[in-house]
Protein chains: 2
Amino acid sequence: MATIKDVASKANLSVSTVSRYLNHHPYISDDKKQRIKAAMKELDYTPSSIATQLRSKKGNTIGILVSRITNPFFSYLVDAIEKEAKKSHYNVLIMQTYDDKKSEMNMLELLKQQVVSGLIMCSVEGDPATIQSYQEFGPIVLCNETMRGSLVPTVVTDQKSAVYDAMIYLADKGYQQIAYCTGGTLTNEGHGRSRTEGFEQALLEKQLPFKKDWIFRQVHTSQDGNDVADKIFSLPKEKRPEAIFTNSDEVAIGVMENMLQRGYKVPQDLAIIGFDNQPATSMLTVPLTTIAQPVAALGTEATNLLLAKIEDSSYEVDQSKLKLSLIKRKSA
Amino acid sequence: MATIKDVASKANLSVSTVSRYLNHHPYISDDKKQRIKAAMKELDYTPSSIATQLRSKKGNTIGILVSRITNPFFSYLVDAIEKEAKKSHYNVLIMQTYDDKKSEMNMLELLKQQVVSGLIMCSVEGDPATIQSYQEFGPIVLCNETMRGSLVPTVVTDQKSAVYDAMIYLADKGYQQIAYCTGGTLTNEGHGRSRTEGFEQALLEKQLPFKKDWIFRQVHTSQDGNDVADKIFSLPKEKRPEAIFTNSDEVAIGVMENMLQRGYKVPQDLAIIGFDNQPATSMLTVPLTTIAQPVAALGTEATNLLLAKIEDSSYEVDQSKLKLSLIKRKSA
DNA sequence: ATGAAAGCGCTAACAA
DNA sequence: TTGTTAGCGCTTTCAT
């Protein structure tokens, strides 16, 4: 591999001149530019971005943390982030947490080591204070996540009112007994807290009953949805909910699959609301009523915000692009 | 940020000793080990992986090229690769090509610059000779792709016979007029060539008719599938195909969606075969007959092969894990 | 078992 | 406008 030194000697110039050329410095005569260009071509020279990074402390890759890339919500988010980052010549390093703190710490260490120049967290597992403290090493932006009382810049939608609206929609349709799924543990912090607040507020306002048997924690996949349906339909008929609010379309699909296999009807035996409006949910056996998230906008806004922080400029998130909407179909 | 030098002076040792400690060198006395450990903790020291990389020429990130991460086939592939890479403490840098050579070249340059220590190409756009030449800078593995006459290590399934089998299945069911979708351009090289060979062989053997109007190129998304259906149903009834072989479930779903909206029946008016066996395809209005790919195995095998090359050892791909299978459902 | 010193490929004062 | 030089943080001979 040719180095800047090789280019310099081939062009009969000093390395600094070549370096200046590389960095589009002004004040460099045209004939030398030509000589440098020729030497580079001849040597098939590519600058070592590792060396540049060590010296200049500037990198061009950003980190993305997601819980599972196979969840379409996250793959669309990553898609938007990668596209937007590429526009500014940044690469993306992806890490899946699978809800494990350890991977999150790995990524935070990459920020500390300057392997990534900034970090978009689309999933947060660890302690807010720890995460916050890593901002010392580079900018962090939370995307579709929040942390209690933290000062980490955040790009979020109003999930609470979206869930509230969906619940009111169910109640107004006459559904009283509503089950609820969350990816989190239903403690005061953590996953899906704002969604749960919307759920609780609607319950309160509409005076709907709340049963522990109708609450399901840490459900994520369609397999989990299947298990949820197993539990619901093993309940005596009069103790079953009339509708279920799920935290993702994948879960909703699992519930539906299980029901259809048992010969139950959607929404007659159990109405289902999904979350995400994933492709194909309009094409299911029973088209899914669900909440659409502005996923591309979340990704681009988070990226622009992060890049602004990395480059010490400022960016105003356009909140008007970040609206959720209830997609009414047949399942509820 | 503390450096190795800071640690050394705090521990009253030379940087070399600290470096040895970092690299788990033998022959280093216990008391010094303790002093170093203490100094590191006190200074909250993390080695700069950039500096290490510059000096040692060894990195720990691998690159992945995919055409679109939102295609579930690729997100599951990335999932498998990331998990497997993580086991050996490698990070993954992802780039989407969106079928554009430029992104592919970007990634190849990252290999040249040693930003990534190796590359898994799950999508290939550029000229084989060019790609092959980049192996000089680091190992490349093709995953679910092939290149005519190239010496790039490859992990693939037998797509040709899977498509052939699916076509025979259709023919045996009585479907004679079969349309065909490809992501490529149907030239002799490039995308989906081996699938097309299976298609052609079945056509020949079963003496099925071939019509240009039934061939669709460069279709990828469900929107493309919708457009394909538009074209088919704008044909006079007697000139329409009886079945369609699509190159992905997304496309198949688009075709189906369009048909149902027009009030046509699947498979009566047009039988559909998908590709990928994506989640939810069993739950569609008309459950989709499709070809399941061993996507997790493709990912882990490609990763193990690449890591072996990076670390100069060898790995034998287990071909028995790489079988395709036809999933028979209602759509064809 | 430990240290001194050279240098990976590049950038950025400082001079000229 | 160009060159000289001193590092960035680390690894790795070569001594001791």
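So you know, we letter chains A, B, ... as the sequences are listed, proteins then strands, and number each from 1. What you see below is based on every heavy atom in this structure, not just the backbone, and it leaves out hydrogens, waters and symmetry mates.
- At C:dT11, none of the side-chain N or O atoms of A:Ser16 fall inside 4.0 Å of OP1 or OP2 (strictly under the cut-off).
- Salt-bridge formation is not detected for the pair A:Lys101/A:Glu104: no Lys NZ or Arg NE/NH1/NH2 atom is positioned less than 4.0 Å from an Asp or Glu carboxylate oxygen.
- In this structure, the salt bridge (charged side-chain N to carboxylate O under 4.0 Å, His left out) partners of B:Glu42, at least two apart in sequence or on a different chain, are B:Lys10.
- When rounded to the nearest whole Å, the span between CZ of B:Arg20 and C1' of C:dA5 equals 12 Å.
- Between A:Val15 and A:Ile28, the residue whose closest nucleotide on DNA chain D is further toward the 5' end is A:Ile28.
- Smallest separation of non-hydrogen atoms from A:Leu65 and A:Ser103: CD2-O, 4.3 Å.
- Mapping B:Ser56 and B:Ser29 onto DNA chain C via the closest heavy atom, the residue that lands nearer the 5' end is B:Ser29.
- For the residue pair A:Thr17 / A:Ser14, a side-chain donor-acceptor distance below 3.5 Å is found, with atom types taken as modelled.
- Rounded to whole Å, the distance from CD1 on A:Ile4 to C1' on C:dA12 is 12 Å.
- One finds no side-chain N or O of A:Ser19 lying less than 4.0 angstrom from the OP1 or OP2 phosphate oxygen of C:dC10.
- Scored by the ring pair (Phe, Tyr, Trp, His ring centres under 6.0 Å) test, B:Phe137 finds B:Tyr134 as partners (sequence neighbours excluded).
- Neither OP1 nor OP2 of C:dC8 sits under 4.0 Å from any side-chain N or O of B:Lys57.
- Residue contacts for A:Tyr21: at a heavy-atom cut-off of 4.0 Å it reaches no nucleic acid atom on any strand shown.
- A salt bridge is absent between B:Asp99 and B:Arg68; no separation between the charged side-chain nitrogens and carboxylate oxygens falls under 4.0 Å.
- At a threshold of 4.0 angstrom between heavy atoms, the contacts of B:Leu13 are confined to the sugar-phosphate backbone, with no base atom among them.
- In plain terms, the two heavy atoms of B:Leu22 and B:Met40 that are nearest each other are CD1-CE, 3.2 Å.
- Between the CD atom of B:Gln53 and the P atom of C:dC8 there is a distance of 17 Å, given to the nearest Å.
- Among the protein residues, B:Leu54 comes within range of the nucleic acid bases, having at least one heavy atom under 4.0 Å from a base atom.
- Nucleic acid contact class of A:Thr3 (heavy atoms, under 4.0 Å, all strands): sugar-phosphate only.
- Atom P of nucleotide C:dC14 and atom NE2 of A:His25 are separated by 14 Å, given to the nearest angstrom.
- Contacts between chain B and DNA chain D, taken as any atom within less than 4.0 angstrom of a protein heavy atom, begin and end at D:dG9 to D:dT13.
- Atom-to-atom, CZ of B:Arg55 to P of C:dC10 comes out at 15 Å; the value is rounded to the nearest Å.
- Distance A:Asp6 CG to C:dC8 P: 11 Å, rounded to the nearest Å.
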